[in-house]
There are 4 protein chains.
Amino acid sequence: MSILIRGGRVVTASAEFVGDVYVEGGAVRLLGERLDLSADEVIDATGKLVLPGGIDPHTHLDMAVGRGLVTSDDFDSGTAAALFGGTTTLIDFANQEPGHSTFEALDDLKARAAGKAHCDWSCHMTVTDMAPDRLPELDALVADGISSFKMFMAYPGRLYTDDRTRFRTYRHVAGLGGVILMHAETGLVIDELVADAIAAGHTAPIWHARTRPPELAAEAIHRSAVLAKLAGVPLYIVHMNSAQGVEAMRRAKADGVEILGEVCPQYLHLDASWLERPDGGRYICSPPIRPLGHQEALWRALLAGEFTTVATDHAPFTTAERALGAEDFRLIPNGLPGVEERMSYLYSEGVVKRGLSLREFVALTSTRAAQTFGLYPRKGTIAPGADADLLVWDPQVRRTLRAADPAIHHSRVDYSCYEGLEVQGGPEVVIQGGRVAVRGGALCSRGQGRFLRRGPYARPAV
Amino acid sequence: MSILIRGGRVVTASAEFVGDVYVEGGAVRLLGERLDLSADEVIDATGKLVLPGGIDPHTHLDMAVGRGLVTSDDFDSGTAAALFGGTTTLIDFANQEPGHSTFEALDDLKARAAGKAHCDWSCHMTVTDMAPDRLPELDALVADGISSFKMFMAYPGRLYTDDRTRFRTYRHVAGLGGVILMHAETGLVIDELVADAIAAGHTAPIWHARTRPPELAAEAIHRSAVLAKLAGVPLYIVHMNSAQGVEAMRRAKADGVEILGEVCPQYLHLDASWLERPDGGRYICSPPIRPLGHQEALWRALLAGEFTTVATDHAPFTTAERALGAEDFRLIPNGLPGVEERMSYLYSEGVVKRGLSLREFVALTSTRAAQTFGLYPRKGTIAPGADADLLVWDPQVRRTLRAADPAIHHSRVDYSCYEGLEVQGGPEVVIQGGRVAVRGGALCSRGQGRFLRRGPYARPAV
Amino acid sequence: MSILIRGGRVVTASAEFVGDVYVEGGAVRLLGERLDLSADEVIDATGKLVLPGGIDPHTHLDMAVGRGLVTSDDFDSGTAAALFGGTTTLIDFANQEPGHSTFEALDDLKARAAGKAHCDWSCHMTVTDMAPDRLPELDALVADGISSFKMFMAYPGRLYTDDRTRFRTYRHVAGLGGVILMHAETGLVIDELVADAIAAGHTAPIWHARTRPPELAAEAIHRSAVLAKLAGVPLYIVHMNSAQGVEAMRRAKADGVEILGEVCPQYLHLDASWLERPDGGRYICSPPIRPLGHQEALWRALLAGEFTTVATDHAPFTTAERALGAEDFRLIPNGLPGVEERMSYLYSEGVVKRGLSLREFVALTSTRAAQTFGLYPRKGTIAPGADADLLVWDPQVRRTLRAADPAIHHSRVDYSCYEGLEVQGGPEVVIQGGRVAVRGGALCSRGQGRFLRRGPYARPAV
Amino acid sequence: MSILIRGGRVVTASAEFVGDVYVEGGAVRLLGERLDLSADEVIDATGKLVLPGGIDPHTHLDMAVGRGLVTSDDFDSGTAAALFGGTTTLIDFANQEPGHSTFEALDDLKARAAGKAHCDWSCHMTVTDMAPDRLPELDALVADGISSFKMFMAYPGRLYTDDRTRFRTYRHVAGLGGVILMHAETGLVIDELVADAIAAGHTAPIWHARTRPPELAAEAIHRSAVLAKLAGVPLYIVHMNSAQGVEAMRRAKADGVEILGEVCPQYLHLDASWLERPDGGRYICSPPIRPLGHQEALWRALLAGEFTTVATDHAPFTTAERALGAEDFRLIPNGLPGVEERMSYLYSEGVVKRGLSLREFVALTSTRAAQTFGLYPRKGTIAPGADADLLVWDPQVRRTLRAADPAIHHSRVDYSCYEGLEVQGGPEVVIQGGRVAVRGGALCSRGQGRFLRRGPYARPAV
C-alpha cells in the first residue's frame, strides 16, 4: 500500500520544507517538492503540517498497583487514545517484582499487550531487585531490545532500590550502552514525613504534596547524577516538575553529567491548589503537582531547551478509585491520565501561546525520545527508509478538552486534567506503520501495533 | 542542470538514511532510498557520507588592519580554500569605521568581493560607532539582509565600544530580530597589563597571551550576557577559548541568557607553548591560544553539546608579516588561518578520535550557523527546496596537513596551524548551488558565489 | 580621669562576661569580674550591656554635591548624631576632584572637620583620577593613615572611573596593603536607561529606581571582583542592597575573591513602594531602595553572616532640597540619613526581632569595620590598651523614632527613614576616648574628636 | 591558688593586647595592661603569646573497633598527649551500639575515663539506632550536657544509618538546640566499589582510597545538607578532606544551610602517595587521604576562613596492628594519630608559613569549637570568669617531630604522620583549670580533668 501526502509543510527537528512525502511498504520512501507519482491514497496536506508521529516514552497501561487496582487503560484503549492524540509509539514499563526475574515481568507485559496494541510499542524494564547474580539478565534484555532501565529512589518496600543496587545496575547498564530512567525522590525521608503527617491527623490530599517537598526531588536528582557520572551511564530523569529539580539538572550538566530531563503536561498545567479542591484526590501523582510558580519555571526551562522530552506518565485511575483515599491520602492510587492530550496541549500552550519553535516541538514530542531510547533513525524523523509514522497536523483546529466528549477523549478514565481547556492544533490524519490509523475521528487500523526491539542509547543531538 | 547522488549515507542534524539525493536548478528536489531517475550527472556515493555544505560564520577576507597590512586571502583565494575544505558558505565582516556610516563598510566589502567569490557569502556588520542618530542604519541593514552585528569589548581606540553604546545597540538589534556577535575581552584592563609588560621589557610573543588572561574573557562574557539579557537580544560569543569562558557561558545559560558559543579549531589544537617557539609570532591571535589544559576543557564542552558552532576566525598573515613584531608583540598582526582545515580537523579529531556524533558534526559545522544567522532552512540541511550545497564526504581518506602541499592548502598564507597533523576524512566532491564546485582536486566553478540576504535570528534547535 | 563601669554584661565579638571595665587615660585598663578599685566616676551597668563603641565606616558629612547643595549635617551635627546613636568613630570621605590631587581633597575635608568633630573620625579617599603619575599620592596617603580608597563604576562624567583606571589603582593599593571600596553599579548603561526614561516622559522618583536595575549592581560587583582578584586587592562593596548583588558576592567568594559586603539599614527597611508615595523624592539614593522581596533576602544574608558591616551611607538632604526634583528625578540629590538610628535599628530589628546574636551585632557595628579599615585592635573591641570607646547599652528601653523629637533626632535633616518605628534597645551612656560623651540625653564632650591615622587592611576574622 | 601571667601578647579570636592575665580559683579574673597584684605564681610571658587553651572536638580514646583492637591511647595517655600539645579540652565519642541505649554508651565511656583524664573532656554521642521510641533518650542526653550527635553515612552494618533514621534524628535534635556531626561518605556505594576491587584482586592499601572517591564524600555532604536544612538543624561535617567536599560545602552555604566544616592536619599534610609506600597501611583512615592537589585546595579554604575548626580525629593504632591488613586493606583499622601535633602543626604551617592570622588560629583551634559545642564562653576565649585554660606559647621554638622523641611524643602509638617535619612554635606552659598542667616538659597535674556538661549549639560568630 502506498500513500502520497501532498503539499504540506514537512517539519522535522532539523529540516522544514513545503512539499510531498511518499510512503510505501510501511516506510517513507521519497521526499520532494512536487512528486510526480501516483499512490493508493493521496492526502492533500495543503495548509497543514506533516510531522513525525509522536513518541510517548512514559506510559503505564494495564498496570496493577495492588489492592486490586489496575490503571484504567489497557493496551487497547491506551494505544487508541495515544493514536487519537498523534502518538504513534509508546514506551511502557515491565515491572520486575522483587525476588522475581525481569524476564517474568517482560513476559507478563507482552501477554497483556498481545493482540491489543494499535500502535507500535516497547517497554523500559523497571528494576527492583538486582543482586549481582541477576546482572546477566540485563545483557539478555539489551540483546532482546530493551535498552533502558527504570529505578526508583522512592516507595521503600515496593519499588525502592538502595544506592548500592542502583550503582551496581548503573555500571552494568553503562557497559551495555543503555540508559537509566530515574524516579528521583528521596523516599526514605518522605516516608518519615508521611508518618508524621498522618500521626498529626493530616490525611487530606494536599498532604500528599506537603510530605514530598521539591527539595527531596532535587536531592535525589543530584545523588543519582553523581552516581551516574561515576558509573558512566546516561541518566534520564522522569517527570521533572520543580524549580529545584531543574536547578539540580543544570548543576549536574555543568558538572559534566550526561543527564536528560523529561517533563509532563500535567506539571506544566496544574498547581498544588488543585489538591485542595473537593475532588483533590483526582490530582494525586508522584512527584506531586507543585505550588504555583513551579509551572512557570518549568515553562522557562522548556522554552530554553533544557528538557529532552515531554512525556505523560499516563497512569489513569477513575474518580471512584481515587475516592478510596478520601480519609487517607495514602490510599489514593498515584498517577494522572494524559496520553491523548500530550501533543495538542504542548502545541497549543507551547507553540501557539509561548513561541516554542515547531522544530523544538518535534524534538520534544518525538525525535529525542527516539534517539534516547534506541529507536532512531527508524522513528523520530521523516526520512527515506524511516518508519512511516506521520501526522497531518491541522495547526488551526480548535477544540475544548472534555472527558465527556467521545470525539476527543478515548481513554477509559472518567476525567481529564485539562477539562475545559481550549486547545488549538491537532492531528487530522495519523499514519502509523504506513497505514492510516486515525482519520475522521475513527480508528482505522486495529491491533497492528508491533513490539519494537530497541538499540542502544544515543545522545539526543537535536 | 541536474545531479543525482546515489547510495550515500545522507546525514543531517536530525536525520540519517542511506539513499539518493536529486538536485536540479540549484536546489535539492528529491530524497529517496533508490530514486528511479536520470540526471545530467550521477555521482556514486556508496560508502560515502552526503552532508550539508559547511558554513563558516567567521572569516576575515581581504581585511586591512592598518600599517598597510591586509589579510593574505581575498575573496578569490579565501573562498577557494573554503570550498576545497567543504565549506560552501562564508559569513565575513563589514567593518564600520568610527565616524563613518555602516553602509560605507558594506559597500566596501561588496566591492572587494565583486566577481571574486566562488562560494556563497554574507557578512556581519562590525559596529564601532552607534550614536543614537545612527540607529536607523541598523533597520536598513536588517532590511537588506544583514541581521547580525559584531561588537568589541577589546581594542580601545579602534574597535572598542563602551557599555552604553553596546547596550544601545543590543536593544535596537533585539527589536529587529537580530543577533549580537561579541568579541569578549576586557580591553581596557588588557591595555594596562600590556603597558606594564612593555614597560618591564616583556616584548616576546608569549607576553601577548600573558597580558590577556582568560579571567578577562570570562568577565567580558559575563558582562555582555547580563546586558544582553536586559536588552532581550541573543548573544553569540565568538572564538571562545578558555575553561573560564565556558564556565561563564554555563552560568549565563543557567541564568536564562540566550547565549551561544563559537569555538575555533586553533583553540582546540594549539596551546600557549607554541608562542614560546622561535616562530611564536605566527600563533598570535586574540583572544590568545591558552595554556595546556584549556584545550581539554573546550573539547569536553564541545562533546557535551555546549557550543553552537565551530568557526575559524580565518585571518591569515604571512610569516614575514608576523616577523614585523619580533621586537614587540604589539606590532604582530593578530589572527590565524584555517578556513580550509576546519571541517577535516573537526571530523578527524572529533568524530573519528573522540566519538563526536555525525549529527552533531553537521550541526556544529553547518546547521546551527544557518539557524543563528538567518540562512535556515535554505542552508544548513538537506531537504527538498533547500540550496543544493552538498558534500560527498569520504570518511576514510587520510591526508597530512602541510602548507607546502598545493593539493590541500589553497590559502595564500605560507604556514598552517596544523602542520604535520594527519587527518582522516574529507570532501571528495563539493556541490555548491547545484553545481559541482570541487572535484578531483580542482575548482570547477569560479566566481559564482552569491551575496546572501539573511533573515532574522532563530534559536538553533539542533 | 578614670571611669569604672560595674556589673554589666560585657560583650565583644568573641567574648562575653558579666563584670567590670576600668578606664583611665582614654584607654581600657582592666577587665575583671569584680574590680576592687575606685575611680573618678563609677557607672552602674547592672542589667545593661557594655559594648565597644560603634564604628560607622560610611558617612558623607558637609559634602557639596553641586548646584550649591551640601549634605545637611556637618561635622558638628553629624558627629553629635552619631554619638547619640552609639557610634564613636566615623569614617567619612575625602573626594578627589578630577584633575586635582587627592591631597587637596584631604586638606579640604580636614578643614571642614577642624574643631567640630565630637567623635573620632577618619576618611576614605575617593579616587576619581588616577593617571600613572598620580600613583605616588597613594603611597603618601597610606603613610599618612589613609589606607582605603573608594571608586565608582557609576556617575559618568563625575565620579566614574573606567576599568583601566580602577585596575591600575587596585594593583597599586594591593601593594600598599590597602582596601578598595566600590560603588558597584554599571553607570554607563544606567545613563542610557535614564536617557530613554526621560525621553519617554518618565520623570517621577520611581523611575530613578527603575533605571538602575539590580542586575546592573550585580554585574558591577562581579566585574570589580574579577579585577580585584587579578590585582590581589581586598574589595569592600558599599551599600549592597539586592538579592542579585548578594548572589554575586557569594559567587565571588566561592571563586576565591577577598570580597566584603556592607549593608545599610535603609535597604533592610524600605522598599521601592516608598518612591511612589507623594514624598517619594525623599527616599532617593543610589543604588536605589529595591522592590519588596530584596529586604528579606538581605536580612537572610545578614543573619547568615554574609555581610561584613552595617554602615549608613549617611547623606542627608532636606525635604525642600529633595523637592527640587519634583519634575525630574535627576535633579533630586541622592542619599539618605541614618547615622543616629543605625545601632538601635539593628539591635531592635536584628537582635530583638530576628535572633541576631549579640556577638554578631558587635561584629557588624564595630569590630569588623575596625579590622577592615586598619583601626584594630585600637578600636572595635574591649581589651586592655584599646581606646575606651564604650557603650552602656540598655537592652530594654523603647523609643519611637521621630524626626520631630529632639531627644532622639540630632541630625539637621527634617525627616527620618524610620519615622514611627518603635525600637527596643539603645545607648544609655556613651564613652568616647575615655570621657563620657553622651549621658542623660546630653552631649557632654564637644569638639574632642580626633583624626585617626589608620593602618593596613586586616581580614576581618570575626 | 593564683597565677599571674605577665607581659605576654594576649590573643583571642577578636582581641589582642600586650599585658597581664590574673587567674584564681580556676578562672580568669582580671585582664589588664600592668596589673599591680601578687600571685602564688608569676609567669613571665614577655615575648610570648598567651592563648586560650586548645579544644580538640574530635578524638577517639580507648575505643574498641572489633577483633580485639582498641585505639592505642586511653584517657591517660591521650589527654596527656593533648596537654603537651596545648589542647586543654577534648571532645570524644560515646558510641551507641545498635539495639542498645545511648545511655549505656555514655556510661561505658565515663567508666573508661574515670580517674584517668588529665584535661577537661566531654563527648559527642554517636547514634546508630534511633527508632521513634528512642527519641526521648536525646532529650535526656541534652539535659545531661550532651548536645551534639554524630551519625554515619558510611560503614553499612556497623555505624551506618539510613536517610530516614538520620532525618528523624536531625529533626529531634533541631528541637533540642543541638548540632549534628556527620561522617559524610556514601557508604553503600563504597561497599560496592570495595567488593569489586577485592574481586579484582586489588587488596593493597591504596585501594582503600581508590574505592572511596571524593565525589562520594561530596554527595554525602550535599545530601546531609539538604536534609539538615529541611530539618532546621546545624550540620557539622567532620574531617573534610577534598576539593569536591569543600565545593559542596560552599554550595550548601549559598543555599542557606547552616553547615560547618572541620578539617584535620593529616589531610592538609599527607597525600595519597603515602598509601603506596611500603608502610602505606599506616596511613589508612576514612575518608582517605587524597591525591596531590586536594591539600592545596584545603589550605586555600582554610586561609579563606571557610572551615570552622581544625580537629584531629585522633584514632591511633600501632604499626603492628596496621600490618594485620597487609594482604587485605579491609582488615586495617582506620584512623590516624595527631592529638599532640595539632596546634604546633597549624601554627607552623599556617601562621608562620602561610600567613594565617593569629586570631584565626585561635578561632580554629579553640573558640569556634567552644561555640559550636556549647562550651562558650566558659571555654574558647580569655575573659573574666572564663575557665583558666591558657597557653603561654613560644612563637619561636623549633622542634622536629619524631615519634621516637619522648619529649615531644606522648601518645602510645609508635609513629607520627609528621615524622621529620620541623615546626616552629609551641606551648611553653599549659594552664588547665587554673593549674599549671605542663611545664618544662613535665605533666604537672594528673587526673584532674572534669567531664563537661555542655549547653546548646551557638553559631560560631568568630
Side-chain angles (χ1 to χ4, degrees), chain A residues 10-22 24 27-36 52 246-247 250-251 253-258 300-301 303-306 355-364 367-368 370-371 376-378 380-386 458-462, chain B residues 10-22 24 27-36 52 246-247 250-251 253-258 300-301 303-306 355-364 367-368 370-371 376-378 380-386 458-462:
Chain A
V10 182
V11 181
T12 69
S14 81
E16 202 173 328
F17 70 98
V18 176
D20 304 349
V21 180
Y22 178 73
E24 191 179 2
V28 171
R29 298 299 167 189
L30 279 175
L31 305 178
E33 290 195 292
R34 262 172 303 277
L35 296 179
D36 183 18
V246 171
E247 182 59 26
R250 272 182 203 133
R251 286 186 178 181
K253 281 182 184 170
D255 289 343
V257 183
E258 178 105 352
R300 243 181 297 127
L303 293 169
E306 299 188 76
L356 181 70
S357 77
L358 271 178
R359 291 195 312 272
E360 181 73 7
F361 172 73
V362 170
L364 283 167
T367 314
R368 293 201 200 105
Q371 294 169 343
Y376 188 87
R378 177 179 171 187
T381 192
I382 300 175
R459 171 195 287 273
V462 180
Chain B
V10 181
V11 181
T12 70
S14 81
E16 201 173 327
F17 71 98
V18 175
D20 303 350
V21 179
Y22 178 74
E24 191 179 2
V28 171
R29 299 297 168 190
L30 278 174
L31 305 179
E33 287 194 296
R34 260 172 303 278
L35 294 178
D36 183 20
V246 171
E247 182 60 24
R250 275 183 200 132
R251 287 185 177 182
K253 282 181 183 170
D255 288 344
V257 183
E258 179 105 352
R300 246 181 295 128
L303 293 169
E306 300 189 76
L356 180 70
S357 78
L358 269 179
R359 292 197 309 274
E360 182 72 8
F361 173 72
V362 170
L364 281 167
T367 315
R368 293 203 199 103
Q371 295 170 341
Y376 189 85
R378 177 178 173 188
T381 191
I382 301 176
R459 173 195 286 274
V462 179

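Chain naming here is simple, since letters A, B, ... match the order of the sequence lines and numbering starts at 1 in each.
Contacts between A:Leu303 and chain B at a heavy-atom distance below 4.5 Å involve the backbone alone (N, CA, C, O). Contact of A:Val28 with chain B is made through the backbone alone, with heavy-atom distances under 4.5 Å.
For the atom pair CG of A:Leu31 and CZ of B:Arg29, the computed distance is 14.5 Å after rounding to the nearest 0.5 Å. Rounding to the nearest 0.5 Å places CZ of B:Arg250 at 12.0 Å from NZ of A:Lys253.
A search for side chain to side chain contact (heavy atoms under 4.5 Å, CB included) contacts involving B:Ala383 returns A:Ala15, A:Phe17, B:Thr381, not counting sequence neighbours. Here B:Glu258 pairs with B:Pro234, B:Tyr457, B:Arg459 under the side chain to side chain contact (heavy atoms under 4.5 Å, CB included) rule; sequence neighbours left out.
For the side chain to side chain contact (heavy atoms under 4.5 Å, CB included) with B:Ser14, the qualifying choice from A:Pro377, A:Pro460, A:Pro52, A:Ser14 is A:Ser14, the only one to do so.
Top candidate by heavy-atom pairs under 4.5 Å with chain A, chosen from B:Gly305, B:Gly380, B:Ala304, B:Ala370, is B:Ala304.
Residues B:Glu16 and A:Tyr376 approach most closely at N-OH, 4.3 Å, considering heavy atoms. Annotation for A:Gly385 and B:Glu33: closest pair CA-OE2, 3.0 Å, computed over non-hydrogen atoms.
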